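Proteins get letters first, then strands, A, B, ... in listed order; numbering begins at 1 in each. Since the structure is predicted, the reported quantities are computational estimates derived from the model, not experimental observations.
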Amino acid sequence: MARLNINGTTREIEVDPDTPLLWVLREQAGLTGSKYGCGVAQCGACTVHIDGNPVRSCVLPVSGLTAEQKITTIEGLSKDGSHPVQQAWLKLDVPQCGYCQSGMIMAAAALLQTNPKPTDADIDAHITNICRCGTYNRVREAIKQAAAGLPAKQST
Amino acid sequence: MSITTPVSRRSFLIGSASAIGGLSLGFHVPFAGAAPAKTAQEVNAWVVVQPDDTVVIRIARSEMGQGTLTGLAQLVAEELECDWSKVTTEYPTPGQNLARNRVWGNFSTGGSRGIRESHEYVRQGGAVAREMLISAAAAQWKVPANECFAANSVITHRPSNRKVTFGKVATAAASVTPPKDVALKDPKQWKIAGKPLARLDTVDKLTGKQIYGTDLQLPGMLNATVRACPHFGGKVKSFDAAAITSRKGVRKVLQIDDATLAVVADTWWQAKTAMDALPVVWDEGPNKDMSSESIAEMLKGGLEAQDAFVQTTVGDAPGTLAKAKKTISAVYAYPYQNHATMEPMNATARYTPEKCEVWVPTQNGEASLAAAAEAAGLPVEKCEVYKLHLGGGFGRRGMQDYVRQAVLIAKQMPGTPIKMIWTREEDMLHGMYHPTTQCKLTGALDDEGNLTALHMRISGQSILAAVRPQGMQGGKDPVVFQGLNLTGDEGHLGYTVPNLLIDHAMRNPAVPPGFWRGVNLNQNAVYMECFIDELAHAAGVDPLQFRRKLMKNHPKHLAVLEAVAKGIGWETPAEKGRHRGLAQIMGFGSYVAAAAEVSVTDGQLKIHRIVAATDAGHIVNPAQVERQVEGSFVYGLSAALFGECTVQGGRMVEDNFHTYQVMKMAEMPAVETHIVPSGGFWGGVGEPTIAVAAPAVLNALFAATGKRIRTLPLKKHSLA
Ligand code: FES
Ligand code: FES
């Protein structure tokens with residue numbers, strides 16, 4: 001049994017305590033926005049926030065979490081896609097296949113939380129998620145636009 | 001501001017199923033709780049119109065990130081003259097395609113063919129639907145149809161200025177006899193196609209709502225994972241199911257074929273951990289001594305072999321080379337690589353003796369249907385496949401091994417939907433790998449530094465021999481020569497060489513090969529473009545000048561090369577410490593080139609900048625072309641810098657991203673894309689640019705270090 005605060009709601013979840021948070025989110029909480037890409041903390045597709053910090057949920061057993069810790073998933077980042085990072089992503093039409101994008105967005109949102117004006121080097125250091133389709137340059141641009149908080153230029 | 005779209009794709013898919021009477025499209029079961037659309041009218045196979053004027057455009061090809069869904073919809077909408085803001089899309093099913101005489105044509109999505117192969121008939125589909133809608137309005141008004149026109153989903157009777165929207169006449173339009181030949185617009189008149197429109201499939205990818213195969217939920221569904229013998233050609237010798245059957249959640253432990261075990265459990269995590277705990281003994285099979293070294297040795301033999309399949313000949317290359325005063329020779333090698341789509345292989349299947357259904361991210365819905373029918377042992381009419389957007393495809397999802405596995409599991413639990421997901425490790429160890437080849441090139445230079453003869457001997461693996469033997473030509477695999485032909489869309493040479501011989505000694509190791517984004521163009525471009533660079537240096541001529549001389553008769557190839565040379569500033573010196581390289585090739589119907597600017601400091605390569613140019617003839621969505629070109633450098637440079645699957649003990653060594661490294665943000669250079677369409681033809685864009693990524697960087701690296709890297713990946717070489 002685990003007591004978890006997910007996207008603002010505390011839930012009792014019947015699960016083996018060794019189960020990684022990712023699979024509890026996906027299979028018990030029904031939140032499939034966080035993705036499985038590698039299971040070994042390499043790709044970042046499973047990134048969620050725990051008390052605002054980006055965490056690779058595929059390697060975090062739920063036994064290591066308490067109900068006091070706030071878990072935020074892509075579904076809880078905003079109610080309606082209105083988070084500045086999501087908006088910048090929309091304006092620049094960032095996703096290709098999209099599979100890595102929940103994790104990218106969560107990593108970017110966490111970065112901006114602690115570092116509202118990241119440099120290129122900051123982005124390189126903090127956004128270590130894998131995207132096989134190759135959206136990196138758009139991701140970088142969208143992070144900068146979200147940081148600028150300015151109306152983004154039209155996507156072309 | 002919130003994200004809104006007229007109708008979300010997902011609610012649409014559900015809605016249209018119940019709406020279109022007997023025609024059951026989309027997902028009619030999986031997603032509970034969505035309100036079905038009231039009514040929707042199919043005007044023709046490509047176009048469905050709802051009373052609120054929403055237009056549903058049917059897309060036969062699969063969306064895997066490449067943007068084909070949006071591009072194809074633009075082409076239909078252009079001819080349909082509909083309001084783009086009211087467009088949504090859906091996938092017809094492969095079963096419906098069969099039942100309707102393949103009205104949607106080919107479902108296969110690969111070879112950058114989505115648009116270039118279907119633009120004609122999808123535009124016809126839109127144009128015919130438009131004419132049917134106009135006829136219906138005219139009949140209602142009792143006026144001649146040629147007095148009416150359609151624009152922005154509204155039909156207007158010119159003389160009286162009466163107007164009606166598509167939604168009002170769609171039902172009547174459906175019974176109009178479709179006109180036979182409808183003229184298509186000149187691309188110069190395009191208003192929707194040809195424009196940099198935003199993708200139709202973005203919104204749900206920003207909020208976690210997009211449902212991929214791995215996310216699917218069906219009532220009563222169980223979860224499975226498989227493990228196949230990691231040794232190519234090996235089998236299961238024994239396994240101890242009893243050791244795990246009492247684990248929590250485990251429902252079934254089974255062997256589905258000679259080589260493959262499966263565990264079915266309540267949750268995937270339970271299935272996966274039970275599988276990890278399952279004691280298995282493998283029979284390593286006949287290839288257990290195979291290694292990268294033994295394969296390299298086998299290919300090396302092919303470089304000098306007498307027998308080879310000849311594809312390209314001009315003049316007498318061997319004779320000229322034998323007599324030449326100055327010859328240059330080099331051997332290149334290209335390793336196995338895994339597609340490594342971000343979403344691991346998966347499929348969901350439900351089997352009963354009456355019906356087998358499969359939900360799957362696939363690049364070829366019809367092939368999935370055939371695989372499902374075969375595995376189920378049911379006639380194809382009793383099977384159906386529902387496609388989901390792919391979390392990456394890159395060629396891997398054109399193969400159907402995972403569909404077969406899901407059905408074989410489901411068959412042993414009739415009535416229960418089984419979602420089977422591979423672990424990343426399974427995905428890495430059971431790829432359909434980019435084939436391995438070596439290439440020996442020998443060129444002759446005359447006293448003026450002209451290339452007088454070239455022999456290019458490729459030795460190595462044929463994809464067709466393994467996956468589509470019916471495509472072979474008397475034992476020869478023509479796909480091996482992508483980019484190296486004298487004529488043709490799949491890649492003709494941009495160089496005129498008076499004496500030329502390109503041949504292939506086929507050597508097929510026991511590693512399953514597959515089509516990999518860019519296929520054989522990738523290594524062929526490395527071989528040709530790096531060797532041309534070698535020849536230029538040997539002749540003491542600037543690599544751009546050297547190419548220009550050989551490219552006089554190939555203006556389209558030359559135009560993209562000139563575009564990147566100009567973009568990178570080839571004629572002016574680079575910043576201190578920076579060095580440049582060029583590459584060009586033609587393939588998948590398009591002409592592409594790249595220029596790279598790099599520096600090497602303390603043995604560390606930094607790629608600062610890439611300039612790319614693409615001539616795909618007609619451009620359907622320049623914004624998406626740009627994204628494909630950028631993405632091509634991620635895929636192509638990942639391969640060049642890191643991509644290698646090592647064979648040891650008859651199996652792959654690399655089993656996850658910590659050993660199979662790929663490019664990340666920090667390595668990604670700035671990419672400047674020039675789209676230079678010359679019109680008059682339709683080329684692909686998802687793949688060709690990948691091929692120029694590696695040679696442009698390798699040539700720049702030579703300029704920087706004087707080191708000629710001929711064996712990939714780069715990570716194996718010291719640059720210090
Ligand atoms: S799935 Fe967690 S980092 Fe890859
Ligand atoms: S968008 Fe496909 S993996 Fe990133």
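The contact between B/D215 and chain A is made by backbone and side chain atoms together, counting heavy-atom distances below 4.5 Å. For B/N223, the part sitting under 4.5 Å from any heavy atom of chain A is the side chain, from C-beta outward, and nothing else. For B/Q624, the part sitting under 4.5 Å from any heavy atom of chain A is the side chain, from C-beta outward, and nothing else. Both the backbone and the side chain of B/T214 come within contact range of chain A, with heavy atoms under 4.5 Å apart. Interface remark: B/F394 contributes side-chain atoms only to the contact with chain A (heavy atom separation under 4.5 Å). With a threshold of 4.5 angstrom between heavy atoms, B/M64 approaches chain A through N, CA, C or O but not through any side-chain atom. With a threshold of 4.5 angstrom between heavy atoms, B/T273 does not approach chain A through any atom at all.
Listed here is the closest heavy atom pair of A/Q96 and B/K205: O-NZ, 2.6 Å. The minimum heavy-atom distance linking B/V662 with A/R132 is given by the pair CG1-NH1, 3.4 Å. Pairing each heavy atom of A/I127 with each of B/M665, the nearest pair is O-CB, 3.4 Å. Looking at every heavy atom in both residues, B/E630 comes nearest to A/N137 through OE1-CB, 3.9 Å. Taking both residues in full, the closest heavy atoms of B/Y212 and A/G98 are given as OH-C, 3.0 Å, listed atom of the first, atom of the second, then distance.
Around NZ of B/K195, the count of heavy atoms belonging to other residues, nucleotides or ligands within 6.0 Å exceeds 12. For A/E12, the CD atom is densely surrounded, since the number of other residues' heavy atoms within 6.0 Å is greater than 12. The number of heavy-atom neighbours closer than 6.0 Å to CD of A/Q113, taken from other residues, nucleotides and ligands shown, is 12 or below.
No side-chain heavy atom of A/D16 sits less than 4.5 Å from a side-chain heavy atom of B/K248. With contacts defined as side-chain heavy-atom distances shorter than 4.5 Å, the pair A/Y99/B/P344 qualifies.
Among the candidates A/C100, A/C131, A/P20, A/C97, the residue making the largest number of heavy-atom pairs closer than 4.5 Å to chain B is A/C97. No other option in B/G391, B/G392, B/G249 has as many heavy-atom pairs under 4.5 Å with chain A as B/G391. For the options A/E75, A/R140, A/Q101, heavy-atom pairs under 4.5 Å to chain B are most numerous at A/R140. Counting heavy-atom pairs under 4.5 Å between each of B/M663, B/E63, B/R517 and chain A puts B/M663 at the top.
Residues from residues 105-112 of chain A that place a non-hydrogen atom less than 4.5 Å from a non-hydrogen atom of chain B comprise A/I105, given in numerical order. At a heavy-atom cut-off of under 4.5 Å, chain B is reached by A/K35, A/Y36, A/G37, A/C38, A/V40, A/Q42, A/C43, A/A45 from residues 35-64 of chain A, listed in order of number. Identified by a heavy-atom distance below 4.5 Å to chain B, the contributing residues of residues 23-34 of chain A are A/W23, A/R26, A/E27, A/Q28, A/T32, A/G33, in residue-number order.
Of the inter-residue distances, the one linking A/L77 atom CG with B/T207 atom OG1 reads 10.0 Å to the nearest 0.5 angstrom. Annotation: the span from A/S102 atom OG to B/Q210 atom CD amounts to 10.0 Å, rounded to 0.5 Å. In this structure, CE in B/M668 is found 14.0 Å from CD1 in A/I123, a value given to the nearest 0.5 Å. Rounded to the nearest 0.5 angstrom, A/D93 CG and B/L200 CG are separated by 9.5 Å.
Applying the side chain to side chain donor-acceptor pair (under 3.5 Å) test to A/T119 and every residue at least two apart in sequence or in another chain returns A/D122.
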